[in-house]
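The structure under discussion appears below in the form of structure tokens.
Chain identifiers are assigned alphabetically (A, B, ...) following the order of the sequence lines, protein sequences preceding nucleic acid strands; residue numbering begins at 1 within each chain.
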Number of protein chains: 2
Amino acid sequence: MERLFLLKMVFINKSKVMEKEFERGHHWCRGRVKGFGFRLTLGRDAVLDVLSRTEDHLSAEDIYIRVHETYPAIGLTSVYRTLDMLVNIGLVYKFDFGDGRARFELAEGPKGKDHHHHLVCTGCGRIVNYRDFIDEEVALLKKAEEGLSEKHNFAITNHLIQFYGLCEDCRNK
Amino acid sequence: MERLFLLKMVFINKSKVMEKEFERGHHWCRGRVKGFGFRLTLGRDAVLDVLSRTEDHLSAEDIYIRVHETYPAIGLTSVYRTLDMLVNIGLVYKFDFGDGRARFELAEGPKGKDHHHHLVCTGCGRIVNYRDFIDEEVALLKKAEEGLSEKHNFAITNHLIQFYGLCEDCRNK
DNA sequence: TTTGTTATTGGAAACCATTTTCAATAGGAA
DNA sequence: TTCCTATTGAAAATGGTTTCCAATAACAAA
Ligand SMILES: [Mn+2]
Ligand SMILES: [Mn+2]
Ligand SMILES: [Zn+2]
Ligand SMILES: [Zn+2]
């Protein structure tokens, strides 16, 4: 917490350019990692960098391969360990889209949450992020969460919505 | 199709008792399996029987163990194969609740669909079936499906909603 | 009922994403 | 710079699921 504040203080004395770079990259994640008492290692930083530069839903191996390009020393094991930690502190979401491997995306960008749900093509595995009905969906989910929490004595922390179907390509085949 | 009709004809000449037994058991599934051109084997019948007698979300091994009690000759491999087939013909749903194994439930009872969604306890893995907001949820999902189908050119066939949280037991620990 | 065809089976081995183990290394507070 | 120990990479283990293949059983036809 104090760490995040310190970074902000620095910005006030630096140029607008640097602030823009901060917003673009994953630098804002670093304070979060350290805030939880974890060491910010080259591998962890590289994994965050890869995740922050894509809208895709990468598997552990996808991430391993991409990180390898700029930091060849990394091992697949560490990618798994890093992802596990990032999921635990809530910085990353872990999904199962039914293709036998876990897939990951950053839970939050520099501009805050970018809540969306997913369309999954059962033909080719394509994943589409959509935000179209998010507001209505979230409103209903919130209401349902309250009702369900009460009735079933559950402390609900999270939800998952996915639609399955065939994308245009797969339909025309 | 004709096969189902034949079964109905038989009932007219049989007792009410037998009709009740039919409604209770999984007999109605059999026509479905054969209707798709699959052989109705002892193993497949036993798997359907286990699935039709529970509200739980069993793993392949759970089912294997239960089937074993009445039909010890069955192999785990066949349970996997049978479940795969039942999912393919739409008689069974396959879920991933995040505990590393697939879980299954009958998609439809003798009285038709019994649509519900799930509450998942991230502490102990408990799954709760709920029907409380199903109508509203399904209404919204239907609307969303239409919008999303059009906008993203997806032929949506299915959806998934799950809430994650802590059950009462896990909260008090 | 018997027969013939072949879909289905059980068991063993293979598969493969993920986890564990362990000695070597590097982050970062002092 | 030093020291402590969290973190690492490589190799091996794990465990759910799939593949392989010869034996078997479902069931249409006779
Ligand atoms: Mn996404
Ligand atoms: Mn259920
Ligand atoms: Zn597709
Ligand atoms: Zn629980």
Select one nucleotide: of D/dT17, C/dT18, C/dT8, the one nearest the side-chain heavy atoms of B/T41.
-> C/dT8
Just by distance, with hydrogens left out, do A/D62 and A/H57 show a side-chain donor and acceptor under 3.5 Å apart?
-> no
Close residues, residues 63-73 of chain B, relative to DNA chain D [heavy-atom separation under 4.0 Å] | none
Test item: B/H116 side-chain N/O and B/D114 main-chain N/O as donor-acceptor pair under 3.5 Å | yes
Of all the nucleotides listed (C/dT8, C/dA26, C/dT18), which has the minimum atom distance to the side chain of B/R44?
-> C/dT8
Member of A/F97, A/Y93, A/F163 meeting the ring pair (Phe, Tyr, Trp, His ring centres under 6.0 Å) criterion with A/H118 = A/F97
Should the pair B/D99-B/R103 be classified as a salt bridge under the 4.0 Å nitrogen-to-oxygen rule?
-> yes
Calculate the interatomic distance between B/F104 atom CZ and D/dT17 atom P; express it in whole Å.
-> 7 Å
Can you figure out which of C/dT9, C/dT18, D/dT17 approaches the side chain of A/R101 most closely?
-> C/dT18
Pick base, sugar-phosphate or nothing for A/T77, based on heavy-atom distances below 4.0 Å to the nucleic acid.
-> base
Give me the ring orientation class for B/H117 and B/Y130: parallel if the planes are under 30° apart, tilted from 30 to 60°, perpendicular past 60°.
-> perpendicular
Distance, rounded to the nearest Å, where A/L42 contributes CG and C/dG27 contributes P | 5 Å
